[in-house]
Amino acid sequence: MSSRLSDVASRRTILPAGASVVDTLTAANVLLNGPTGVIAVQTDDGVERDLTWVPDAETEVALIQRDSPAGLAIIRHSTTHIMAQAVQNLFPSTRLAIGPPTAEGFYYDFLSDRNFTPDDLVALEEEMRRLVADGQLFRRRVLTSLADAEAESAQEPLKQELIATHPVPWRFEGDPYGDDALSYYDNLSYDGERKWTDLCRGPHVLDTKYLGVFTLTHAAAAYWRGDEKREQLQRIYGTAFLDRKALKTYLTEREERLKRDHRKLGEELDLFTFDPHIGRGLPLWLPNGTIIRDELEKWARETERSLGYKRVVTPALAKEDLYYLSGHLPYYTDDMYAPISIEDETYYLRPMNCPHHHMVYRARPKSYRDLPYKVGEYGTVYRFEKSGQLQGLMRTRGFTQNDAHIYCTDEQAEEQFLEVMRMHEMYYQQLGITDFHMVLAVRDPANTDKYHDDEEMWTRAEAITRGAMEKSGIPFILDVGGAAHYGPKIDFIIRSVTGREFAASTNQVDLYTPKQFGLTYKASDGTEKTPIVIHRAPLGSHERFVSFLTEQYGGAFPFWLAPEQIVVVPVTDTFDEGAQAVADELYAAGLRAEADVSDARMQAKIRTHSMRKVPVTIVVGARELEERTASVRLRTGGSWTAPLDEVKDYLLTVARDRRLVLDTP
RNA sequence: GCUGGCGUGGCGCAAUUGGCAGCGCACCUGUCUUGUAAACAGGUGGUUGGGGGUUCGAGUCCCCCCGCCAGCUCCA
């Protein structure tokens, strides 16, 4: 979408002092209408201002066009004001919360005794159209005192709270713009009557005639300030675009995107299923899905073996003492399944594998010569997720992680962490994953009860992580407050087709738990030292990673991952036996091949298997059987005929090399 | 968890104000023997997610439960 929008900064102009922006632009014959029309300006301090703004000194500004991302956001912001006005017109007892534009549209939150129904949305949309048809002006008004604002918002308790709890002192005088200006936006009829008003930073369009097309999409609940202990609000979502065509394009693109939803494809391709008798969030991997899992796991084992990892197997539950030692009790209790009591002892299902691996480390004495000591396990963990948070395979209550722990000396830590980052690069590159970003999650020093309290350890762990990240040159975003209770995290964040973000991989530098567990090694000088632990899971969990790959490939997996690689189709049922023999031979060579000897025409079979995203179809008739050749047809369109042995070797090579693309040889 | 919306053979859907549970695909059987994205005919399959209620009569209305979807992360 953004590629079609023009660059905000590309048009600049110098505004004289003492004249409104709109007057200056009109005098210069600058268009306000149409896609490239100017909707607002941005000063060099990054603050956006209305066209009614009157600079008190000559100022150079960037012009914000309607078709820029910033311009569209302003249109959506103004549209949500109209929506809120419509809501208060139709349901006068409704109180206002906040109403920002979003990446895909806008919403407004309301404190309301009414839960808005789909019918309400229809009525509201009608009311909005009426308001726009009548025509209104958006006008900014800066208040002169806090008392004025309190009076102005006397009927709006949530607005009063926003005013009272504003993090920086309000500015009142002159014509200030930005987060610290206490301003209201009035919706005025063309004869100047104030129809509605809202506490707002702005900017807004001059006039409803500069709005685009809009639609209200759905209503849902949201908590005031995102806090589930606070008031539950009614949120109405909508979206707006410049014109009908852009809206339609958005809706079709969205529909196309949702066709790739792993839940839909998982059903169609028989990858996994859920059964209420098993429990919510507890997936059943079907044979096809299990193939993908096993292939990924095999790859990870080979990779880890080449880097000196050893494999271990540990149980899925343990006594509570272990989790007190690890700090999961109490720091992680909310995410754990309830305890299990047996023979007067209390057990918990494990929410993480690390405590078990620490016990593996501790089971035998270690010397510096054993380090780095790397233990890996595809370990299954169980976490309690609130029912409303579950989402297909992306978010489950039981999942299996590509987990490993690296125990190393202080000196080795940065290098080991870098090796882990390089491992990610290798995996992602080979799988063709480019759409992701990284987050360095550190602790929020103001909220200490979520984290262990050794100040010095936090400083060191954050220094190691940050140092390795900077050395790797991979760009990252900082998330204050997102750290694990035992250390800072580096997460690889991916996006599902529904637009939600998930951590595909998570890695931590941990100085805390080795000390808790009393892990030591004999250093070269003969002293006992505490190792550093690196937690790493480059392929995350099978559940999340396979769902991400399913969406990424739209179900058309690379040959090596495809659950069904080859279907052999006889030209007529005369050749059923021959087709079966070909399939058997390919299967025996290690390929996932089967013959389709069902009662259907060849063309129908080809269509069926193409739709099931099977990468290779081999057609067998008299010629092929006589000459021992294979007529190969790729799902992507290519085709060729070659001796069967050659085709077999070629496909085995493609699978063995884990090639992303299968092409004609 | 909370708010809203959903739940009809394996899958996708239909069923007027409450009035005979239907269609397509898949599946099974048969006919046809066909060269790279849908041959034709016939057939099996449902306590309409589960339970309770209202009614002469419930897929449809009411209540409870189970499950699925969206949102609760975009901070005037």
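When reading the values below, keep in mind they use all heavy atoms of this one structure, side chains included, and skip hydrogens, waters and symmetry mates.
- Using a 4.0 Å cut-off between charged nitrogen and carboxylate oxygen, A:Lys264 and A:Glu267 do not count as a salt-bridge pair.
- Within the nucleic acid shown, A:Arg263 comes within 4.0 Å of sugar-phosphate atoms alone, with no base atom in reach, counting heavy atoms only.
- Of the candidate nucleotides B:rA38, B:rG71, B:rG1, B:rA38 has the atom nearest to the side chain of A:Gln603.
- Distances shown here put a side-chain N or O of A:Asn115 below 4.0 Å from the OP1 or OP2 atom of B:rG4.
- Evaluation of the side-chain contact (heavy atoms from CB on, under 4.5 Å) rule for A:Tyr331 yields A:His452, A:His485, A:Tyr512 as partners, not counting sequence neighbours.
- Between A:Phe399 and A:Glu543, the shortest heavy-atom contact is CB-OE1, 3.1 Å.
- Across all strands, A:Gly226 comes closer than 4.0 Å only to sugar-phosphate atoms, never to a base (heavy-atom distances).
- Backbone-only engagement by A:Ala222 is indicated by non-hydrogen atom pairs under 4.0 Å involving sugar-phosphate atoms exclusively.
- Contact between the side-chain N/O atoms of A:Arg633 and the OP1/OP2 oxygens of B:rA37 is found at a separation under 4.0 Å.
- Toward the 5' end of RNA chain B, the nearer of the two residues A:Asp198 and A:Ser598, judged by each one's closest nucleotide, is A:Ser598.
- Screening residues 619-641 of chain A for ring-ring contact (aromatic ring centres under 6.0 Å, His included) gives A:Trp640-A:Tyr650 as the qualifying pairs, with residues at least two apart or on separate chains.
- Counting non-hydrogen atoms under 4.0 angstrom, A:Ser183 reaches a base of the nucleic acid.
- Mapping A:Tyr108 and A:Asp599 onto RNA chain B by nearest heavy atom places A:Asp599 at the nucleotide closer to the 5' end.
- Closest to the A:Ala220 side chain, of the nucleotides B:rA70, B:rA76, B:rA37, is B:rA70.
- Looking at heavy-atom distances under 4.0 Å, A:Ile98 makes contact with sugar-phosphate atoms alone, never a base.
- For A:Tyr223 against B:rG1, a side-chain-to-base donor-acceptor contact under 3.5 Å is present.
- Here A:Ala181 lies in heavy-atom contact (under 4.0 Å) with a base.
- Using a 4.0 Å heavy-atom distance criterion, A:Asp573 is classed as a base contact.
- Among the heavy atoms of the strands, none lies under 4.0 Å from A:Ala219.
- Contact annotation for A:Trp224: no contact, since no heavy-atom pair falls under 4.0 Å across all strands.
- Using a 4.0 Å heavy-atom distance criterion, A:Gly99 is classed as a sugar-phosphate-only contact.
- Using a 4.0 Å heavy-atom distance criterion, A:Glu624 is classed as a base contact.
- Rounded to whole Å, the separation between the C1' atoms of B:rG24 and B:rU8 comes to 15 Å.
- If you check every strand for non-hydrogen atoms under 4.0 Å, A:Ala622 touches a base.
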